[in-house]
*Asks:* 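Pasting a structure below so you can have a look.
Just so you know, residue 1 is the first one in the sequence shown, and it goes up from there.
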Amino acid sequence: MLILDTALARREAEDRPIRVGMIGAGFMGRGLANQIVNSVPGMRLVAIANRTLANAERAYAEAGVEPVRVEGATELDAAIEKGAPAVLEDAFELIKAVHLDCVVDVTGAVEFGARVTVAAIERGLPIVTMNAELDGTVGPLLAHRARAAGVVLTGCDGDQPGVQANLMRFVKGLGVTPLVAGNIKGLQDEYRTPTTQKVFAEKWGQDPYMVTSFADGTKISFEQAIVANAFGLTVPRRGMNGWDHEGHVDELTGRYDVDELREKGGIVDYVVKSKPSPGVFVLGTHDDPKQRHYLNLYKLGEGPLYSFYTPYHLCHFEVPNSVVRAVDFADAALSPPAGPHVDVVATAKQDLKAGHTLDGLGGYDTYGVAESTPVTRAERLLPMGVAEGCVLTRDVAKDEALTYADVTLPPGRLVDQLREEQEKLFG
């Protein structure tokens with residue numbers, strides 16, 4: 001990462017900052033706005049698009065900036081030329097702006113995020129996405145489209161998938177073969193709802209539905225799915241192992257069967273209550289006995305599995321790194337190089353009746369679990385990212401995985417078209 005601060009310092013000295021447009025102004029967006037404005041020389045947050053202008057203005061205000069309101073790309077370009085940070089309602093007008101170097105999706109909305117990402121690819125604009133839900137649903141197709149268009153589409157540094165990706169690349173650079181990419185959680189309860197998470201959400205100023213998606217396992221399923229898709233890994237079983245492990249992650253080196261891991265080609269997984277928390281880990285092997293001797297000397301143990309970990313994830317603090325990597329180095333922090341290996345499938349959080357319209361991510365109706373793509377295809381399982389708004393055609397029991405046969409899809413959604421295209425391309 002040290003090369004990135006050098007690149008930014010050069011841009012600042014030459015007065016040619018990276019001009020960033022942000023889409024979304026929720027909890028994470030406000031943090032990112034403050035970070036770019038106050039802590040990232042060589043980069044400017046030139047515009048925020050949000051359907052509620054007051055929220056976009058709040059993001060700037062909390063960073064100590066008073067923005068101007070604009071209505072379209074022409075007015076936005078004029079504001080950028082004047083050095084005036086701007087807010088607007090229409091994300092697609094933001095994407096049309098000429099004086100823009102990168103766009104960051106901070107929405108977490110699958111359908112809207114899909115439309116924004118497709119528009120940015122068609123515009124030829126680098127995209128940094130904090131939208132793991134979209135990535136875990138149609139990320140391989142969007143990455144394919146981006147590559148064909150010569151555009152960098154990347155997940156972000158800072159959040160657990162990006163931190164795992166950086167650690168994976170580091171470990172592979174040592175000559176170690178990664179066999180487990182892991183995430184550390186403090187809580188896992190599939191039956192949490194926005195009602196149970198209301199107090200926590202209010203305490204931290206977050207959306208209760210988003211907080212619920214963390215608690216019920218949906219978010220970690222998406223996070224591990226996109227890591228699997230980026231590195232060609234799979235899951236040990238539906239839902240991953242998800243062990244309660246109150247010790248240090250180093251102790252996990254004795255819990256896995258190395259031959260099984262090798263046979264699967266490596267897995268994604270998570271543990272609950274482990275140390276360090278929050279954080280991520282990678283377990284891998286080294287085939288060279290001479291190097292294993294050195295690893296033992298350096299206190300990593302005798303193998304065959306060696307433990308590497310990062311004891312934190314700093315979310316929005318590191319997202320500007322992804323922007324520099326995309327714009328100046330055409331380097332994606334996280335991107336699937338081919339078809340999907342793991343999907344996130346919708347599972348009933350309670351008994352559901354025929355005719356019911358499913359609510360959204362982190363809601364009352366469903367939670368997401370990670371499943372291997374071959375199983376998802378064979379059983380026609382319903383992706384969690386397309387479940388919202390679907391109408392059930394039969395009663396579904398609690399904890400039952402939903403299938404396409406169980407629902408009627410809402411008409412006219414782009415995400416369904418992209419999902420179908422992804423299956424045709426990689427199926």
Side-chain angles (χ1 to χ4, degrees), residues 105 107-123 127-156 161 165 218-219 221-235 238 265 268 332-347 358 360-361 366 368-390 401-427:
D105 173 10
T107 65
V110 175
E111 175 67 10
F112 182 67
R115 294 183 181 278
V116 163
T117 303
V118 167
I121 291 171
E122 292 175 349
R123 157 78 168 74
I127 315 121
V128 174
T129 179
M130 299 184 75
N131 196 336
E133 295 81 2
L134 173 65
D135 197 350
T137 305
V138 290
L141 175 67
L142 294 173
H144 170 79
R145 284 193 177 190
R147 284 191 297 271
V151 171
V152 178
L153 167 60
T154 175
C156 64
T218 299
K219 188 72 170 182
S221 297
F222 275 115
E223 290 175 343
Q224 295 310 92
I226 65 179
V227 172
N229 293 339
F231 292 95
L233 309 176
T234 188
V235 289
R238 182 175 297 179
V268 289
L334 186 71
S335 179
H341 291 256
V342 172
D343 291 295
V344 180
V345 298
T347 309
L358 296 176
L361 299 165
T366 57
V369 297
E371 178 59 279
S372 71
T373 297
V375 173
T376 302
R377 286 177 178 149
E379 299 183 13
R380 292 281 293 159
L381 299 175
L382 184 71
M384 187 68 182
V386 307
E388 182 176 0
C390 290
L402 279 70
T403 72
Y404 272 104
D406 297 331
V407 300
T408 300
L409 299 173
R413 295 192 307 188
L414 176 61
V415 68
D416 297 313
Q417 299 171 32
L418 295 175
R419 183 74 189 192
E420 183 177 354
E421 183 181 342
Q422 179 170 285
E423 288 303 294
K424 287 180 179 178
L425 181 64
F426 298 116

*Asks:* Under a 3.5 Å distance rule, please check whether D343 uses its side chain to pair with a backbone N or O of V345 as donor and acceptor.
*Replies:* no
*Asks:* So L361 and M384, do their side chains get closer than 4.5 Å, heavy atoms only?
*Replies:* yes
*Asks:* In the structure I gave you, are the side-chain heavy atoms of Q422 and L425 within less than 4.5 Å of one another anywhere?
*Replies:*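 No; the side chains remain at least 4.5 Å from each other.
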*Asks:* List the atom of A165, the atom of L334, and the distance in Å for their closest heavy-atom pair.
*Replies:* CB-CD1, 3.5 Å
*Asks:* Which atoms form the tightest heavy-atom contact between C390 and R413, and what is the distance?
*Replies:*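 Smallest interatomic distance, heavy atoms only, reads SG-NH2, 4.1 Å.
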*Asks:* I need the minimum non-hydrogen distance between S372 and T234, along with the two atoms involved.
*Replies:* CB-OG1, 3.7 Å
*Asks:* Can you confirm whether more than 12 heavy atoms, excluding those of E420, are under 6.0 Å from its CD atom?
*Replies:*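 12 or below, so no.
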*Asks:* Please report the interatomic distance CD(E423) to OG1(T376), rounded to the nearest 0.5 Å.
*Replies:* 8.5 Å
*Asks:* Within this structure, what is the CD-CD distance for the pair E379 and E371, rounded to the nearest 0.5 Å?
*Replies:* 6.5 Å
*Asks:* Apply side chain to side chain contact (heavy atoms under 4.5 Å, CB included) to the pair L381 and R238, showing each step before the final yes or no.
*Replies:* CA-CA 12 Å; L381 299 175; R238 182 175 297 179; 3.4 Å; yes
*Asks:* Just by modelled atom types, is the G368 backbone N or O under 3.5 Å from a matching donor or acceptor in the T218 side chain?
*Replies:*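 Confirmed, T218 side chain pairs with G368 backbone.
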*Asks:* Name the residue from I226, T117, N229, L142 that meets the side chain to side chain contact (heavy atoms under 4.5 Å, CB included) definition with D135.
*Replies:*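 That would be I226; it is the only one of I226, T117, N229, L142 passing the side chain to side chain contact (heavy atoms under 4.5 Å, CB included) with D135.
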*Asks:* Do the side chain of R145 and the main chain of E122 share a donor and acceptor less than 3.5 angstrom apart?
*Replies:*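 It does not hold such a pair.
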*Asks:* Between F112 and L134, is the side chain to side chain contact (heavy atoms under 4.5 Å, CB included) condition met? List the steps.
*Replies:* CA-CA 9 Å; F112 182 67; L134 173 65; over 6 Å; no
*Asks:* With a 4.5 Å cut-off on side-chain heavy atoms, are I121 and I127 touching?
*Replies:* yes
*Asks:* If you compare all heavy atoms of A346 against all heavy atoms of A387, which two are closest, and at what distance to 0.1 Å?
*Replies:*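 Result for this residue pair: CB-CB, 4.0 Å.
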*Asks:* Counting distance only, does the side-chain N/O of T373 pair as donor-acceptor with the main-chain N or O of V342 below 3.5 Å?
*Replies:* yes
*Asks:* Checking N131 against T129: is there a side-chain donor and acceptor pair closer than 3.5 Å?
*Replies:*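 No donor-acceptor contact under 3.5 Å links the two side chains.
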*Asks:* Go through the steps to decide whether R419 and D416 satisfy the test side chain to side chain contact (heavy atoms under 4.5 Å, CB included), and finish with yes or no.
*Replies:* CA-CA 5 Å; R419 183 74 189 192; D416 297 313; 5.6 Å; no
*Asks:* Between E421 and H144, is there a side-chain heavy-atom distance shorter than 4.5 Å?
*Replies:*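 Counting from C-beta outward, H144 and E421 never come under 4.5 Å.
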*Asks:* I'd like to check the salt bridge (Lys or Arg N to Asp or Glu O under 4.0 Å) partners of E223; sequence neighbours left out, ordered by chain and number.
*Replies:* none
*Asks:* For H341 and V268, run side chain to side chain contact (heavy atoms under 4.5 Å, CB included): C-alpha distance rounded to whole Å, both residues' side-chain angles, the deciding distance at 0.1 Å, then the answer.
*Replies:* CA-CA 11 Å; H341 291 256; V268 289; over 6 Å; no
*Asks:* Between A146 and L153, which heavy-atom pair has the shortest distance, and what is it?
*Replies:*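 Heavy-atom minimum between the residues: CB-CB, 3.7 Å.
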*Asks:* Closest approach of T137 and E133, non-hydrogen atoms and distance?
*Replies:*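 Reported closest heavy-atom pair: OG1-O, 2.7 Å.
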